[in-house]
Structure formats: C-alpha cells, structure tokens
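Quick note on labels: first sequence line is chain A, next is B, and so on, each numbered from 1.
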Protein chains: 2
Amino acid sequence: MLRLSRLTDYAVVALVRLGRAEAVETSPGIAAAIGLPEPTVAKVLKALACSGLVVSQRGAHGGYRLSRPLHAISVAEVILAIDGPIALASCVDGAAGCESQSLCPVAGRWDPVNDAIREALTGITLADMEEAAVPRAFRLPAELSAATAGE
Amino acid sequence: MLRLSRLTDYAVVALVRLGRAEAVETSPGIAAAIGLPEPTVAKVLKALACSGLVVSQRGAHGGYRLSRPLHAISVAEVILAIDGPIALASCVDGAAGCESQSLCPVAGRWDPVNDAIREALTGITLADMEEAAVPRAFRLPAELSAATAGE
DNA sequence: TCAATCAGTACCGTTCTGGTCCACAATTGG
DNA sequence: CCAATTGTGGACCAGAACGGTACTGATTGA
C-alpha cells in the first residue's frame, strides 16, 4: 500500500497544531490537544527537533515552537525527519548490497521513480494540508461532493 | 523510509524480463533467470495475473506473457497490483475508521499528497525503467561516476 | 534548590512482510 | 483417455519493523 509510518501522520498533525499556537507548547499539551498518547508525541517532537523543523526550549516553561512558518515546510521534509530518506525500494541509488546485482535487469533503476516522488512531495507544504483540513462537519455538502468527485 | 514492498521490485524485474521474452515463460524459468526463489516469483506472477498485467496459460507448455507492451504499463499499476492502493497514510480518503477524527486537524488530508504521488507514478512506464536499466558492468566509468555524483 | 521540561536510551508486544509448502484445477500431448 | 506439466488458491511460519512505553539524565527558570 506504499505505506507511510503513522508517526509521520502524527508529526503533521503536531506541526499544524504548533503552527496555530502563539507561544511555545509542551509535548503533553500537544498530546492532549490532538488526542494521542504523550510519550509517542514526545518521540515525534524529538525527531522533528533533531531535524530542525521545530525548536525546543528546555527547562521550566519550555516547550516547542516551529522554526519556520507552515508554508515553508514541505511534506518531504517531515517524511525525511520521521521516516528517513524518501526512497521506494531497498535497492536504491548506489546501494551495493544487492547480491543478485549481476542478474537484476533493473539494478537500482527505481531512481527516476524516487526522484519523481521526491519532487511531488517537495511541492506540497504543510500550509496546503492545513488549508484542506477543515473538519468535515464544518464543510458544506457542495465542498464534500466536489472533493469526492476529484478522486 | 516510505518503503515499497520488495515484491513490487520483483514484479518489475519479472515484467521487464517478460517484455523481452518471445514466447510464454514459466514461473520457474523466470525465477531462474532473475535469480530469485521460485515460490516467491510464482506468488508475484499470480498477483500480476490477477490484475491483468500478465496473461497466464495453464497446462503443459503454459506460462505467462505480458498483456501489454512495457511502455503501456505504468509503475503505478504494478504497485497497485502488488501492494494495493497507492496511499500514504492509513487515514485516507473517506476512511471512517479513525477514532480521533473529531480531534484530528488534518483528517484525511493526505489526499493531495496521495494524488501527487499517484500522478507521478502513473507517468513512469516500465519501458522507462528498462531503458535506464543497463547492467552496471556495461556502463562506462564516466556514467557510473556521473550517476553517483547526483546523489 | 527545586520543579518543570526536554533528551536519550533501552525495551517489549504487535503487526506485517517475505518466504515456503501443499492440495487442486486446467491443459496439453501421447 | 490418461498422465505429465503448469498455474491457482490457500494456509502457514519466521523474521523484522513499527508503535508504544518506561526510565534516567540534562537543562532551565523561579
């Protein structure tokens, strides 16, 4: 299913949440706000801080805040922070670990595919996702039908 | 890592192989040709046959052949056949299984991302991958260094 | 100095993937 | 008409990865 780790989903939610916050927010606070277990949220935030997407402030009255506005953060960056490099196959780029390399007729040839995906993901920012993230209950029936028609 | 199942990789290899074959090929034959265990290849071919990408012929002197030329098969179709629907998150489209839907501020909003990926993958055919799949032993050192420099 | 908060690590249970095997159906060829 | 060949479908198992949790330490502010 070309799955993305669930943690990345959490990361997007947390980042959007932070984008709306005015001051720093603690990880328990964010966890409560988005309805997720606190340790998990903390783990996600740590990874995001490690990648520089959020800035952490330690000590009392500390917490997290965005390092950049939402429209300056691409989905690709979030995935990179949580899931690691964006690549579809284990056999990627110059990966020399493939034992059947001599037989494999497409040796590492997922590269164009990976590039295409990277490009697609870089073009979408969190602001785009936030904009489309109006709760369904608040959307007009016309919006809903228009959205489903496009799928 | 935004992983794709290894079976999909196998599927591409097998399909490219079939694209070069002149007659039908048996699954043991393909397995031997691409250096993969036979039962695994058989499983992949079954899935591909189920999706109509290859045509199976039962009985003695049976085997598999492509239903369409390589340039008419997109990577997206192969992924769809092996891995199922192309979607990044478990929380997709109208998926109503999300228990924290009321809290989730991006409820199902991976849709634009999924669409972008689907589009990118649909634009790449197996012929594109085959073309780029010149065995490394046959490539000039200049090509190899140029390829690695791009990473 | 103490409390609040992030940082890092280590661990466990569940789930999924990859891989194997077996019984059955279909087709060909003698 | 029979037997050999080949795909079909399902069940099954081991290993790894993921999600989630707990614990200890470091840092900051009151």
*asked:* Over all strands shown, is B/Leu7 touching base, sugar-phosphate only, or nothing at heavy-atom distances under 4.0 angstrom?
replied: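 Sugar-phosphate contact only.
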*Residue pairs passing the side-chain hydrogen bond (donor to acceptor under 3.5 Å, both in side chains) test where at least one lies in residues 41-63 of chain B, sequence neighbours excluded*: none
Atom [atom1] of [X] and atom [atom2] of [N]: how far apart are they, to the nearest Å?
X: B/Arg65; N: D/dG7; atom1: CZ; atom2: C1'; result: 15 Å
X: B/Tyr10; N: C/dG18; atom1: OH; atom2: P; result: 8 Å
X: B/Ile82; N: C/dG19; atom1: CD1; atom2: C1'; result: 14 Å
X: A/Ile79; N: D/dC18; atom1: CD1; atom2: P; result: 14 Å
X: A/Asp83; N: D/dA17; atom1: CG; atom2: C1'; result: 11 Å

*Quick one: list whatever passes side-chain contact (heavy atoms from CB on, under 4.5 Å) with B/Pro37, sequence neighbours left out.*
B/Pro39, B/Thr40
*asked:* With a 4.0 Å limit, can you tell me whether B/Ser27 has a side-chain N or O closer than that to the phosphate oxygens OP1/OP2 of D/dT6?
replied: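 Answer is no, no contact under 4.0 Å.
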_Restricting to non-hydrogen atoms, name the atom on A/Leu80 and the atom on A/Pro85 that form the minimum distance, rounded to 0.1 Å._
CD1-CA, 3.5 Å
*Shortest non-hydrogen contact between B/Met129 and A/Val113, atoms and distance*: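 What the structure gives for the nearest pair is SD-CG2, 4.3 Å.
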Tabulate atom names and distances for all N/O pairs under 3.5 angstrom spanning the protein and nucleotides 10-13 of chain C.
none

*Would you mind listing every salt bridge (charged side-chain N to carboxylate O under 4.0 Å, His left out) that reaches into residues 60-81 of chain B, with sequence neighbours excluded?*
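For residues 60-81 of chain B: B/Arg68-B/Glu77.
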_Nearest to side-chain heavy atoms of A/Arg6, which nucleotide of D/dT8, D/dG19, C/dC6_ =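 The nucleotide sitting nearest to the side chain is D/dG19.
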*Proximity to the side chain of B/Thr26 - top-ranked nucleotide from D/dT6, C/dA7, C/dT20*: D/dT6
*Mark up nucleotides 23-30 of chain D, 5' to 3', with B wherever a protein heavy atom is under 4.0 angstrom from a base atom, S wherever such an atom reaches only the sugar-phosphate, and - elsewhere.*
--BBBBS-
*Partners of A/Ser27 by side-chain hydrogen bond (donor to acceptor under 3.5 Å, both in side chains), sequence neighbours excluded?*
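So A/Ser27 forms a side-chain hydrogen bond (donor to acceptor under 3.5 Å, both in side chains) with A/Glu38.
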*Mapping A/Glu38 and B/Ser56 to their closest nucleotides on DNA chain D, which lands nearer the 5' end?*
B/Ser56
